[in-house]
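In each ligand, atom 1 is the first atom listed, and ligand 1 is the first ligand listed. From a predicted model like this one, the values you see are computed outputs, not experimental measurements.
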Amino acid sequence: MKINFIDLQAQYQAYKDEIDKEVLEVFASAQFIGGEKLNSLERNLAAYTGSKHAIGCSSGTDALLLALMALGVGAGDEVITTPFTFISTAEVIALLGAKSVFVDIDEQSYNIDATKIESYITDRTRAIMPVSLYGQCADMDAINEIAAKYELPVIEDACQSFGATYRGKRSCNLSTIGCTSFFPSKPLGAYGDGGAIFTNDDELAEKMRMLLNHGQNERYKHKYIGINGRLDAVQAAILDVKLKHFDKEVELRDHIGTRYSDLLEDADVITPKIAEGNRSVYAQYSIRVQEREEMIAKLGEQGIPTAVHYPVPLHLQEAFEHLGYSEGDFPISELVSKQIMSLPMSAYLSEAEQDFVVRAIKG
Ligand SMILES: *Cc1c(COP(=O)(O)O)cnc(C)c1O
């Protein structure tokens, strides 16, 4: 049996007629940047999340960068975040000359441990940036409460959690600004790079719209130093089609994730713990195993692809050497990064494929 880690081909086949039609319309119109396809997507993204504003942009990384820029984060400032994430989260902080202040994760959710945040707040703290990892929202109520006490904005790195629910509300609409990614392998993926920013704050929305278009408020009038961070019309058209089918995919992902956990209950692995009130979109289905390299090799022999998200926490990355962290600073992040591995996961994973993966793990 040949199993895909994420089956993007099956998904394209399912929506091919609709996607082809939309993309060809963009080609025929020659409206490649902005235009009605982007406007439509933004309206639908806002409605989906319940956010007042949804702004398409070039990637999840740029969404995070634009959020920090809009909040005025710069040299000498500190941003509180997690070391157990993809590099982008802390990369954008460093690009602005600010400093990542890491807080260890919770061992159940793998998200920032909200109970530890307060002791890291200083008079230089400018924002708190939790990550909703693997498709499960961080404990946003607890984080927002601390942020409110210190009058700090919260940016949800929702690059893996678009579609997730937290206590009845959608990810991306749980804090000052929410940022997501439409990288092809994310729960809602484009056919290239893309991202979006969400907020209920009119001023921040207006500023971020300018920042992603070179800080322009009208053509060739530049109010801010910005970036080229636009989402193109072809990606917007594809995403708008896929968004129509997304609720069904979220259901399937939830079913597949829950089924993995049920089937693996008696196996010698740690399955994901989804907190009460949370619904994960399982951007990854990640388990913890004692002998990871052996498990990866054994599954590989049977044609089962796996991945490790993430093998080295950010505080131990060479690029962040200047932050002065060392091994032992964030023990839970370090432990989890040694044990974690992700299994094949997508809305199109069949039960037969899943059974094959589970049997291989148990063997
Ligand atoms: C994918 C991802 C990003 C970056 O998104 P891109 O669209 O690839 O730039 C940022 N943070 C997290 C947690 C991610 O998983």
Side-chain angles (χ1 to χ4, degrees), residues 5-6 8 41 45 54-69 79-96 100 102-103 105-106 109-112 127-138 140 143 154-164 171-172 174-175 177-198 208 212 227-232 235-236 238-239 242 253 272 280-286 307-315 317 319-320 333 336-337 340 342 345-346:
F5 186 66
I6 298 174
L8 292 176
L41 175 70
L45 289 172
I55 305 167
C57 69
S58 41
S59 69
T61 306
D62 286 341
L64 295 166
L65 179 67
L66 289 158
L68 291 172
M69 287 170 79
V79 178
I80 290 179
T81 190
T82 160
F84 190 62
T85 176
F86 183 59
I87 182 106
S88 298
T89 319
E91 195 175 38
V92 293
I93 297 168
L95 278 172
L96 294 172
S100 289
F102 295 125
V103 174
I105 54 170
D106 166 68
S109 68
Y110 310 136
N111 287 325
I112 194 167
I128 306 175
M129 197 149 77
V131 178
S132 296
L133 202 71
Y134 303 147
Q136 173 172 212
C137 291
M140 298 302 288
I143 295 164
V154 176
I155 302 169
E156 184 195 10
D157 179 342
C159 286
Q160 299 186 8
S161 61
F162 183 82
S171 179
C172 297
L174 300 171
S175 59
I177 302 175
C179 297
T180 201
S181 165
F182 302 129
F183 186 77
S185 61
K186 306 282 175 165
L188 180 63
Y191 289 176
D193 279 305
I197 319 167
F198 300 82
M208 290 189 289
L212 68 78
I227 63 171
N228 174 354
R230 298 176 298 250
L231 180 68
D232 69 68
Q235 299 308 332
I238 293 164
L239 287 163
K242 287 176 76 171
R253 298 181 83 97
S280 178
V281 277
Y282 292 104
Q284 308 295 340
Y285 185 88
S286 303
V308 175
H309 306 98
Y310 297 92
V312 182
L314 298 189
H315 68 289
Q317 295 283 353
F320 290 121
S333 298
V336 173
S337 66
I340 202 86
S342 304
M345 175 75 209
S346 63

Should T85 be listed as contacting ligand 1, given a heavy-atom distance under 4.0 Å as the test? yes
Mark the output for H309 as yes if a heavy-atom distance to ligand 1 is under 4.0 Å, and as no if none is. no
Heavy atoms only: give me the nearest [X]-[Y] pair and the separation to one decimal.
{"X": "G192", "Y": "P184", "value": "O-CD, 3.3 Å"}
{"X": "F162", "Y": "C172", "value": "CD1-SG, 3.9 Å"}
{"X": "I177", "Y": "C179", "value": "CG2-SG, 4.1 Å"}
{"X": "G195", "Y": "L231", "value": "N-CD1, 4.3 Å"}
{"X": "L68", "Y": "V92", "value": "CD1-CG2, 3.6 Å"}

I'd like to know if the side chain of Q317 reaches the main chain of V312, judged simply by a donor and an acceptor atom lying under 3.5 Å from each other, with no hydrogens or angles considered. yes
How far is [atom] from its nearest protein heavy atom, and which residue and atom is that?
{"atom": "atom 7 (O) of ligand 1", "answer": "S181 OG, 2.6 Å"}
{"atom": "atom 11 (N) of ligand 1", "answer": "D157 OD2, 2.9 Å"}
{"atom": "atom 9 (O) of ligand 1", "answer": "T61 OG1, 2.4 Å"}
{"atom": "atom 1 (C) of ligand 1", "answer": "K186 NZ, 1.6 Å"}

Which is it for S88 and ligand 1 at heavy atoms under 4.0 Å: side chain, backbone, both or neither? side chain
Suppose I only count heavy atoms of C159 and a 4.0 Å limit; which atoms of ligand 1 are within that range? 2 (C), 3 (C), 10 (C), 11 (N), 12 (C), 14 (C)
Looking at S59, which atoms of ligand 1 are within less than 4.0 Å of one of its heavy atoms? 7 (O), 9 (O)
Under 3.5 Å side-chain donor-acceptor pair for S109 and Q136: no
Heteroatom proximity flag, G60 to ligand 1, N/O under 3.5 Å: yes
